[in-house]
Structure formats: C-alpha cells, structure tokens
Amino acid sequence: MPPLLPVMAAAVLLQAGNGLLQALLPLRMQAQGLSAADIGMVASAYGVGFAAGCLAAPRVVRRLGFVRAYAGLAALMAILALALPLAGGSVGWVLLRALTGVGFAGLFTVIEGWIGSGAQDGNRGRILAVYMVTTKLALMAGPLLLDPGGDQPSRLLILLILLSVLPIAVTRPVRPALPTAVSLDLRGLFRLAPSALVGCFAVGVVTGTMIAFAPLYGLRIGLSEPAAAALLVALQGGSLLAQWPLGALSDRRDRRVVIAAVAATGAVLSAGLALLPAGSPAWLVWTGFALWGSQVLCIYALCVAHACDVVPSGRIVPTVSGLLVVWAAGAMVGPVPGALLMDRIGPSGLFVYAAAGCAALAGFVLIRRALRERDRAPGRPAFRPLPPDSLTGAAISGPRPFVDPSGIAPPGAEPPDGR
C-alpha cells in the first residue's frame, strides 16, 4: 500500500478538482443564458470526450510512461481551466466540455491502471476500495470549495490539478511496467473476464439511471426538494461505508461470488424500495438508499479488481480503459428505458428497473462461473491458450499446463481465464 500512496494522493486532489468543476460549469452556463437543452448537449459532449480519452490513454501511457502521461494530461486540464472564462455560446461550451472529458478520462485511466498494476491479487480489492472511498470523499468535498463569484473557482481548480502532479513528480512511487498492448479488445476481454466486462456495463446502466433520477424519485413520492436532493448523499454515503469490507472480502473469496452476492442483495433491496408507498418518512427512504448504495455502487471496483486478477500485467492499462468505456456506455444508455418505466408505472419503476438489472447481473455471473467449473471437471478437453491477437499478445503453439503460483491448483489445472 505505501508505494501507491503518492498515486492515491494525486487521485484525491484530482477528484476534488473534478467535483469543483462539476458544480461550477452549470452555474457559469446558466449565467451566460444557455438553455436547458444547450446544457444537456454540453453534458453529452463530456461523455463523448470521456469515451475518446479512454480509447487514447493506453497509447499515451505506452509512449510517454505513467509519470509523463499524467503530467501532460494534467497540463492539458490546467489549460482548459484557464480557458473557462473564454467559453461563450453553446458551441464553445460543448468543445470545452468534450476536451475536459478527454483529459479526465486519460488521467483516471493512468491512475487506475497504475493502481491495478501495482497491487497484488491478495490485496487488490482492498487497495481499490481505499481508492474509491478517498476519491468519492474528495468528489463530494469539491463542490463545497465553490465560490461562484469572480475567477476564484477557476484559479482553485487550476491549483488542485497542478497540486495533483506533485506527489507523483517529487516522490519515487513504484512504477509498473509499461503496457505491452494498447488496443481496446473488448471481445478478448470478454473471453478472459466476462463477469468484469458485463458487470461494469450493468453497473453503468443501473447506477447511471439511479443517480440521474434519484431526486426526481424523491419528489414524486412526496419528499421536499432538500430531502430529495439528499438521496444522492445517502447513496454515496452508503457506498463509502461498505467499499472496504467488500473489497477485503473479495480478496479472500472468489471475486465472482462476491460480485454475484452483492448484485443479488442489490436486487432484493431494489424490490423492497419499489414497494415503499408514497408519503414514506424521509429517514426511511434515506436509509433504503444508503443500503442500496452500499451494495450496488461498490460493484464497479470489484469488477476492476477481478479483471486485473486475470489479465496479463501488460494488458492492465487497456483493460481498465476498456472497463471505463463499457461503464460509460451503460451510463449513457441506461437512463432512457429507466425514465420510460418511471413514466409508465410511477416512481417505483426506478427500482423495478434496478432490480431487473441487478438480478440479471447476478444470474449471469453465477451461470458463467458454473460453466467454467464444469469445463474444469476431470475428463474435459485440455485448455488451449488464446490466439496471438488475444489479450495475452503472444503466440503459444500448443496446450500448456497451468502452474498456480499459490500452489493450490493441481498440476495441469486450467488457468483462471474466463472468470
């Protein structure tokens, strides 16, 4: 853990700046007279830029290395922060927000790839849990730094971004090997870690919808505006409390089983919240949302840890990038059917949708694991490695025995691909 502390510190400072920017931009756009439709276009531009940044980041890391890639992307973000006062009209804001999406996606890919590569299988879940908890706290604290008047927020944003470079630049953190591959191979990742890939997409669908419509749900069941807005705080607060215990549990158990159990618990909680009647007391709704967040909002980190367990070390950076892209895709497509279901059956439709998504994920992971265990049964055909263009990036001419470094698996057992 200590060798990764500089990277963690950089992530906290960066996420605080991200939270400040998320609160600042809508206020600036509204002050300039942009319509709600224009602001929505700007939000969509961020998603497009984020996906593009995830695709480009592995090549940047491969060419420049982790430290120089982070420093260069942080410099880009500082320049964009300086350009905030210059943005005018919907076109300017769309371009600026798309570029900030590219920058943040690149920075988070570098950080999560660095952490995933530097952690070990035995502690990866806990380290990613610490990363998620600290960065979520920073993201929640960022808007508290906002003073809408003048240029002070822009200057503070630049300060936080540049400060995030210092822990990496002035210390000697353990630097993982550069990625041996940079292309996004979702098909190969699905062959190697289908539970992680499907899990990230499902989490994007469900959590993207929940975060988008939680305040609206609160209003429709009779909560006041402040109480409805506080549902978002309850979601994040619940995830902060459970992230570490679930990460530690996944380090001691099969992560696929933990992912399936957490998703199944999320489905049960969703079904219970769908039955809450209108007019329920605010404390009861907040408690339900906190419990829901303690499960479903923790699945993403478990999926990342599982994928980093099974992919070769040289593929961790493009793997993290691919999981971010898949999560973002789920978050973009999920709210549309969720909104339709809420309009058709009422506010409970939000949790009917969430229950279906969580149950589908739990079922997929359990079925996939059962199939893998069946394939490993005695008498099954011997394992044949993936082709040269797969995630391994190397040609292997024939079947080979798997040697488990832990010494648990018997000689000739199948390697842990396809989890």
Side-chain angles (χ1 to χ4, degrees), residues 3-4 6-11 13-15 17-18 46-83 95-119 131 158 161-189 192-193 304 307-308 311-329 386 388-395:
L4 292 173
V7 187
M8 296 280 192
L13 291 166
L14 179 68
Q15 195 68 291
N18 186 26
Y46 177 79
V48 174
F50 194 91
C54 290
L55 295 174
R59 298 181 185 276
V60 175
V61 174
R62 174 66 177 169
R63 176 168 296 184
L64 301 180
F66 284 88
V67 174
R68 291 170 62 197
Y70 187 91
L73 289 166
L76 170 64
M77 290 304 302
I79 293 170
L80 294 174
L82 283 170
L95 178 60
L96 180 67
R97 196 60 175 135
L99 290 175
T100 60
V102 172
F104 274 124
L107 288 167
F108 288 128
T109 299
V110 171
I111 288 172
E112 293 184 16
W114 196 331
I115 293 172
S117 300
Y131 163 74
I158 296 168
I161 292 171
L162 295 181
L163 280 175
S164 75
V165 182
L166 289 181
I168 292 177
V170 303
T171 59
R172 293 185 175 224
V174 176
R175 300 175 186 177
L178 295 179
T180 58
V182 296
S183 60
L184 185 64
D185 183 11
L186 295 182
R187 181 179 299 178
L189 181 57
L192 206 56
V304 173
C308 292
V311 301
S313 59
R315 292 287 315 190
I316 285 182
V317 172
T319 294
V320 169
S321 172
L323 294 178
L324 280 171
V325 170
V326 169
W327 175 87
L386 298 174
D389 60 349
S390 70
L391 286 168
T392 61

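Considering only heavy atoms from C-beta on, F108 comes within 4.5 Å of N18 through its side chain.
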Derivation of the side chain to side chain contact (heavy atoms under 4.5 Å, CB included) call for L323 and L189: CA-CA 9 Å; L323 294 178; L189 181 57; 3.9 Å; yes

Mind listing the side-chain donor-acceptor pairs of residues 71-82 below 3.5 Å, one per line with the distance, residues two or more places apart or on another chain?
none

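Nearest heavy atoms, S164 versus P167: O-CD, 3.3 Å. In this structure, Y70 and A10 approach most closely via the heavy-atom pair OH-O, 3.7 Å.
Separation of atoms CZ (F50) and CG (L324) is listed at 5.0 Å; rounding is to 0.5 Å. Between atom CD1 of residue I111 and atom CZ of residue F104 there is a gap of 10.0 Å, rounded to the nearest 0.5 Å. Note that CZ of F66 and CD1 of I168 are 10.5 Å apart. Values are rounded to the nearest 0.5 Å.
Every residue meeting the side chain to side chain contact (heavy atoms under 4.5 Å, CB included) condition with R68, not counting sequence neighbours, appears here in chain and number order: L64. Residues that satisfy the side chain to side chain contact (heavy atoms under 4.5 Å, CB included) test with L163, not counting sequence neighbours, are L13, L159, L166. For E112, the side-chain hydrogen bond (donor to acceptor under 3.5 Å, both in side chains) test picks out Y131, Y300, with sequence neighbours left out. In terms of the side chain to side chain contact (heavy atoms under 4.5 Å, CB included) criterion, residue partners of A57 (sequence neighbours excluded) are, by chain and number, T109.
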